[in-house]
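Basis for what follows: all heavy atoms, side chains included, without hydrogens, waters or symmetry-related copies. Each chain gets a letter, A, B and so on, in the order its sequence line appears, and its residues count up from 1.
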Amino acid sequence: MLKIYNTLTRNKQTFVPIHVNKVQMYVCGMTVYDYCHIGHARVMVVFDMISRWFRASDYEVTYVRNITDVDDKIIQRANDNKESIGELTQRFIDAMDEDAAQLGVIRPNLEPRATTHIDAMIAMISRLIEKGHAYAADNGDVFYAVRSFDGYGKLSGKSLDDLRAGERVEVDSAKKDPLDFVLWKAVKPNEPNWDSPWGPGRPGWHIECSAMSAQHLGEHFDIHGGGQDLQFPHHENEIAQSEATHSCQMANYWMHNGFVRVDDEKMSKSLGNFFTIRTVLETYDAEVVRFFILRAHYRSPLNYSDKHLDDAKAALTRLYTALRGIDANVNAIDWNHPQAVRFKAAMDDDFNTPEAMAVLFDLAKIKTSESLSLLKSLGRVLGLLQDDPEAFLQRKHYVMNLEPGHYDLKGGNLDFNVNAGLSDEKINTMINSRTEAKKAKNYEEADRVRQELADAGIVLEDTPQGTTWRRA
RNA sequence: GGCGCGAUAGCAAAGCGGUUAUGCCGUGGCCUGCAAAGCCAUUUAGGCCGGUUCGACUCCGGCUCGCGCCUCCA
């Protein structure tokens, strides 16, 4: 029995799908005007893990993750760059796809874009006006009348009377109530626009998710997810739009992943304390980053630092080391195996990946061919451990980067190596010379070679089958 | 001001009213020409104050501290 923490009820609830054995899931994706950062990586990886677990549990999953390809920041950035918003957004969609692929994120079933759903949004806004939930202002903007919807605030636990609209932002005078939010923005100079009954303009942010989720999943669907920061106002507004339009509940379960933090502060664009995925991947293996993300529960805050990634790398290395040199095939999982039972119980408990990972380490310790095969199979459920162990262990995890603040030499357990870029050929040549020295009992020379390689970040391991190596 | 979340060993991070979480790091040992890996052993817990209970890290209350949302943000 799968239980999910539902933000709407603030409780863990047994998951009951609307349609037997099917899951419809809508997740708010990215606004594509820049490279994705680690916070975005967390959303992608977390909901990828969730969709994988549903599939492993024999659900037929329809996973929709939208792309916001028109908004203020996109328009501004495109104007700054003197290019069209289409050129700008396509470039960053491509970058996002690359980042996601590296992180082992399976593509969602559908990735609808706002700009190709303008008609559906206009239709929805029209219905909201007809039903008395929205109004067109004199300036051509259309607003949602927040107080026309009884349930406003039910997701975020806010009360309209307690919200302090305009305390930090100037209130738009065209609004009847300061808390009303925009559904349609009248065109301004140098902005892309579409025709509408209210004149040329473009959609507000929230309406795209209401329109696209209804079009692709229906008016009532199972799960709606996204980052915690979208809970209010974005998701609250989506509910107001969708439920007022359709007169039925929008989503049964609302899921929100926790923030990535830096020095105990939220990682965000506005604070400027973010690390892009591609920057991090210059230093750390993508699977290490995925492992790092899944090592914490998805609702908990996740502190980002090089030290934590080093720790994740060491832990993942242990699992790959266990898988080394054996035929661990990915087989159909025997869900009656005691460790598989534990794993399933953990995942069924609101996707408790830290507990599920503890099972992985226990399997690595048991170290029978059966347990290692199960380790690899369960790893696949999490999108981990599918690489060839030697390939993982010999990959260049580190590159030279001694810029201040980039690497904590005191906290890290691994030092940077200037010569980490030794070629495989060079390494093998040195290993061969050491082997010769060993044969001649010239241990002094053998140890000299070992030390030289160690200084370059290469660890040698003598086994009955010969000498193998890995990168520290 | 309103609303919400959290506080676990050196670091990270879970479950659980009584029985080893797990990983990294540290220490001792086995193994090894020396190592590495692995294995065995081992040191470090549950913010503070009360309450409930035979028994609380786990439930309840208060306090302190940290964080988040109330504005675009994953």
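Residue A:K158 places its side chain closer to B:C70 than to any other of B:A74, B:C70, B:C24. Of the candidate nucleotides B:C72, B:G68, B:G23, B:C72 has the atom lying nearest to any side-chain atom of A:S270. Counting only heavy atoms from C-beta on, A:D162 has its side chain closest to B:G2 among B:G2, B:G68, B:C70.
As rounded to the nearest Å, B:C31 and B:C67 have C1' atoms that lie 48 Å from one another. The gap from the C1' atom of B:U8 to that of B:U58 amounts to 11 Å, rounded to the nearest Å. Rounded to whole Å, the separation between the C1' atoms of B:C57 and B:G17 comes to 10 Å. Between B:C59 and B:C5, the distance separating the two P atoms is 14 Å to the nearest Å. B:A45 and B:G23 are spaced 16 Å apart, taking the C1' atom of each and rounding to whole Å. Rounded to whole Å, the separation between the P atoms of B:U27 and B:A36 comes to 12 Å.
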Show me the protein contacts with nucleotides 29-35 of chain B, counting only N or O atoms at under 3.5 Å.
residue, atom, partner, partner atom, Å
B:G33, O6, A:R434, NH2, 3.2
B:G33, N1, A:D447, OD1, 2.9
B:G33, N2, A:D447, OD1, 3.1
B:G33, N2, A:D447, OD2, 2.4
B:C34, O2, A:D447, OD1, 3.3
B:C34, O2, A:R450, NE, 3.4
B:C34, N3, A:R450, NH2, 2.7
B:C34, N4, A:R450, NH2, 3.4
B:C34, N4, A:D462, OD2, 2.8
B:A35, N6, A:D462, O, 3.3
B:A35, N1, A:D462, N, 2.7
B:A35, N3, A:R450, NH1, 3.1
B:A35, N3, A:R450, NH2, 3.1

What does the list of N/O pairs under 3.5 Å between the protein and nucleotides 38-41 of chain B look like, with a distance for each?
residue, atom, partner, partner atom, Å
B:G38, OP1, A:R318, NH1, 3.1
B:C39, OP1, A:R318, NH2, 3.4

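For the atom pair A:F343 CZ and A:W335 CH2, the distance stands at 6.0 Å (nearest 0.5 Å).
Between the base of B:G66 and the side chain of A:D264 there is no donor-acceptor pair shorter than 3.5 Å. Side-chain atoms of A:K307 and base atoms of B:C11 include no donor and acceptor less than 3.5 Å apart. No donor-acceptor contact under 3.5 Å links the side chain of A:K313 to the base of B:C24.
Both A:V459 and A:R299 sit near RNA chain B, but only A:R299 has its closest nucleotide nearer the 5' end. Taking the nucleotide of RNA chain B with the nearest heavy atom to each of A:Y298 and A:I38, the more 5' of the two is matched to A:Y298.
Checked against ring-ring contact (aromatic ring centres under 6.0 Å, His included), A:F15 has the following partners two or more places apart in sequence or in another chain: A:F54, A:Y59, A:Y253. A:Y5 meets the ring-ring contact (aromatic ring centres under 6.0 Å, His included) test with no other residue; sequence neighbours excluded. Take A:T321 and apply the side chain to side chain donor-acceptor pair (under 3.5 Å) test, not counting sequence neighbours, and it matches no residue. By the ring-ring contact (aromatic ring centres under 6.0 Å, His included) test, A:H40 is found to be paired with A:H37, residues two or more places apart in sequence or in another chain being considered. Partners of A:F149 according to the ring-ring contact (aromatic ring centres under 6.0 Å, His included) rule, which considers only residues two or more places apart in sequence or in another chain, do not exist here. With sequence neighbours excluded, the residues that form a salt bridge (Lys or Arg N to Asp or Glu O under 4.0 Å) with A:E191 are A:R202.
Among the protein residues, A:G258 comes within range of the nucleic acid bases, having at least one heavy atom under 4.0 Å from a base atom. Among the atoms of the strands shown, only primed sugar atoms or phosphate atoms (P, OP1, OP2) are found under 4.0 Å from some heavy atom of A:G157. Contact annotation for A:R470: backbone-only contact, meaning every heavy-atom pair under 4.0 Å involves sugar-phosphate atoms and none involves a base. Using a 4.0 Å heavy-atom cutoff across all strands shown, A:R324 reaches no nucleic acid atom at all. The residue A:V260 sits close to a base: some heavy atom pair falls under 4.0 Å. A:M30 comes within contact range of the sugar-phosphate backbone alone, with a heavy-atom separation under 4.0 Å but no base atom that close. Within 4.0 Å (heavy atoms only), A:S159 reaches no atom of the nucleic acid at all. Nucleic acid contact for A:K266: base, since at least one base atom lies under 4.0 Å from a heavy atom of the residue.
Remark: A:K438 is not positioned above the aromatic ring of A:Y443, lacking an NZ or CZ atom under 6.0 angstrom from the ring centre and at most 45 degrees off the axis.
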Quiz prompt | Check against side-chain hydrogen bond (donor to acceptor under 3.5 Å, both in side chains), A:T115 and A:D69 | solution = CA-CA 6 Å; A:T115 53; A:D69 60 355; 2.6 Å; yes

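Judged purely by atom type and a 3.5 angstrom limit, A:Q394 has no side-chain atom pairing as donor or acceptor with the backbone of A:R470. Between the side chain of A:S373 and the main chain of A:E370, no donor-acceptor pair closer than 3.5 Å is present. Judged by distance alone, with hydrogens and angles left aside, the side-chain atoms of A:S51 form a donor-acceptor pair with the main-chain N or O of A:D48 at under 3.5 Å.
Within the structure, salt bridge (Lys or Arg N to Asp or Glu O under 4.0 Å) pairs that include any residue of residues 292-301 of chain A comprise A:R295-A:D311, A:R299-A:D350 (at least two apart or interchain). For residues 290-311 of chain A, the ring pair (Phe, Tyr, Trp, His ring centres under 6.0 Å) pairs, not counting sequence neighbours, are A:F275-A:Y304.
With no hydrogens or angles considered, no side-chain donor-acceptor pair links A:Q451 and A:D447 at under 3.5 Å. A:E208 and A:T68 form a side-chain donor-acceptor contact under 3.5 Å, judged by distance and modelled atom types alone.
Look at CG on A:L309: it is 18 Å from P on B:C11, rounded to the nearest Å.
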Exercise. State the dot-bracket string of RNA chain B. Criteria: Watson-Crick or G-U wobble, both atom distances under 3.5 angstrom; notation: ( ) intrastrand, [ ] crossing earlier pairs, | interstrand, . unpaired.
Key: (((((((..(((.....[...))).(((((.......)))))....(((((..]....))))))))))))....

Self-check item: Base-contact (B) and sugar-phosphate-only (S) positions in nucleotides 15-21 of chain B, heavy-atom cut-off under 4.0 Å, - elsewhere
Solution: S-----B

